[in-house]
Asks: 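My structure is below; once you've seen it, I'll send some questions.
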Amino acid sequence: QVHLVESGGGLVQPGGSLRLSCTPTGFALNYRAIGWFRQAPGRSREGVSCIFTSNSTTYYRDSVKGRFTISRDNAKNTVYLQMNSLKPEDTAIYYCAGDIVSRDHCMYNDYGDEYDYWGQGTQVTVSS
């Protein structure tokens, strides 16, 4: 059962921008945090960014700091990942995930073990 739906992926040239969206589907769950993860072919999953839904505290992995921005729109029940200055190494399938448990941090590791609800992913390809 799909609990979250991602959209906004696509093909973009290096230096370009994309905005990914993450929206819950079906029965509404009280997500405490939403995380974005990515996985490129032949590579392990990486935790990219996350946000607490209560206070908008955020986390970014070092390689995307200053380029990516995570935000939430409670009225639309949507979390966004604005990705600017994209690089070929950002190419991956991007997944959003929801955590319903209150924790001190929204990203404990790259695998997202604390997240129980996942989307099916959206492809981001950065290439000239």
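Everything numeric in this text was worked out from a predicted model, so none of it was measured. We number each residue from 1, following the sequence as shown. All values below come from the heavy atoms of this structure, side chains included, with hydrogens, waters and symmetry mates left out.
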Asks: Are Ile51 and Ile100 joined in one hydrophobic group, where the rule is that I, L, V, M, F, W and Y side chains link up if heavy atoms are under 4.5 Å apart?
Replies: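 Yes, Ile51 and Ile100 fall within the same hydrophobic cluster.
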Asks: Pair Phe52, Thr58 - check side-chain contact (heavy atoms from CB on, under 4.5 Å), show working.
Replies: CA-CA 7 Å; Phe52 282 116; Thr58 60; over 6 Å; no
Asks: For the atom pair CG (Leu4) and CD1 (Ile34), what is the distance rounded to the nearest 0.5 Å?
Replies: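 Going from the CG atom of Leu4 to the CD1 atom of Ile34 covers 5.5 Å.
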Asks: Given Phe37, which partner from the list Tyr95, Tyr94, Tyr115 fulfils the ring-ring contact (aromatic ring centres under 6.0 Å, His included) test?
Replies: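 Running ring-ring contact (aromatic ring centres under 6.0 Å, His included) over Tyr95, Tyr94, Tyr115 with Phe37 returns exactly one hit, Tyr115.
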Asks: Taking the side chain as everything from C-beta on, heavy atoms only, tell me whether Pro14 gets closer than 4.5 Å to Pro88.
Replies: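 Contact flag for Pro14/Pro88 side chains = yes.
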Asks: Work out which heavy atom in Cys50 is nearest to a heavy atom in Gly35; give both atom names and the distance.
Replies: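 Nearest heavy atoms, Cys50 then Gly35: CB-CA, 3.8 Å.
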Asks: From Trp36 CH2 over to Ser49 OG, what is the distance, rounded to the nearest 0.5 angstrom?
Replies: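 Those atoms lie 10.0 Å apart.
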Asks: So which pairs with a foot in residues 108-126 pass salt bridge (Lys or Arg N to Asp or Glu O under 4.0 Å), sequence neighbours left out?
Replies: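 Found Arg61-Asp110.
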Asks: What distance do Met83 atom CE and Leu81 atom CG have between them, rounded to the nearest 0.5 Å?
Replies: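 Interatomic distance, Met83 CE to Leu81 CG, rounded to 0.5 Å: 5.5 Å.
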Asks: Looking at Gly9, is its backbone amide N or carbonyl O close enough to the side chain of Thr122 to form a donor-acceptor pair, meaning the two atoms are under 3.5 Å apart?
Replies: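 Indeed, once roles are kept as given, a pair shorter than 3.5 Å links the two residues.
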Asks: Do you reckon Tyr31 sits in the same ILVMFWY cluster as Val101, going by side-chain contacts under 4.5 Å, direct or chained?
Replies: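 In one cluster with Tyr31: Val101, yes.
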Asks: With rounding to the nearest 0.5 Å, note down the distance linking OG in Ser127 to CD in Gln13.
Replies: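 One finds 8.5 Å between OG of Ser127 and CD of Gln13.
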Asks: Passes side-chain contact (heavy atoms from CB on, under 4.5 Å), Glu89 versus Val126? Steps please.
Replies: CA-CA 8 Å; Glu89 51 264 43; Val126 185; over 6 Å; no
Asks: Taking all non-hydrogen atoms of both residues, which atom of Arg67 and which atom of Ser85 are closest, and how far apart?
Replies: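 For Arg67 and Ser85, the tightest heavy-atom pair comes out as NH1-O, 3.0 Å.
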Asks: Same cluster for Tyr80 and Trp118 if Ile/Leu/Val/Met/Phe/Trp/Tyr side chains link at under 4.5 Å?
Replies: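 Tyr80 does not cluster with Trp118.
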Asks: If only atom types and distance count, is the side chain of Thr125 paired as donor or acceptor with the main-chain N or O of Thr91 below 3.5 Å?
Replies: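 Pair absent, no side-chain N/O of Thr125 close to backbone of Thr91.
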Asks: Going hydrophobic residue to hydrophobic residue with side-chain gaps under 4.5 angstrom, can you get from Val79 over to Tyr117?
Replies: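 Result: yes, single cluster for both.
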Asks: I'd like a table of donor-acceptor pairs (distance under 3.5 Å, sequence neighbours excluded) in which one partner is a side-chain atom from residues 15-23, with atom names and distances.
Replies:
residue, atom, partner, partner atom, Å
Ser17, OG, Asn84, OD1, 2.9
Thr23, OG1, Thr78, OG1, 3.2

Asks: Check whether any side-chain heavy atom of Pro24 sits under 4.5 Å from a side-chain heavy atom of Asn77, and report yes or no.
Replies: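 The answer is yes; the side chains approach within 4.5 Å.
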Asks: Quick one: which residue pairs count as a salt bridge (Lys or Arg N to Asp or Glu O under 4.0 Å) with a foot in residues 72-87, not counting sequence neighbours?
Replies: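 Passing the test, one end in residues 72-87: no pairs.
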Asks: Between Glu6 and Gly121, is there a donor-acceptor pair closer than 3.5 Å when you use the side chain of the first and the backbone of the second?
Replies: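 Checked: pair present.
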Asks: For Glu46, does its backbone N or O pair with a side-chain atom of Arg38 as donor and acceptor, under 3.5 Å?
Replies: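 No, because the side chain of Arg38 does not come within donor-acceptor range (under 3.5 Å) of the backbone of Glu46.
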Asks: Spell out, as yes or no, whether a donor-acceptor pair under 3.5 Å connects the side chain of Arg103 to the backbone of Asp99.
Replies: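 Checked: no pair found.
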Asks: Using side-chain heavy atoms (C-beta onward) and a distance below 4.5 Å, is Ile70 in contact with Tyr60?
Replies: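 Yes; the side chains approach each other to less than 4.5 Å.
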Asks: Are Leu86 and Phe68 packed together at the side-chain level, in the sense that at least one heavy-atom pair is separated by less than 4.5 angstrom?
Replies: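 Side chain of Leu86 against side chain of Phe68, heavy atoms only: contact under 4.5 Å found.
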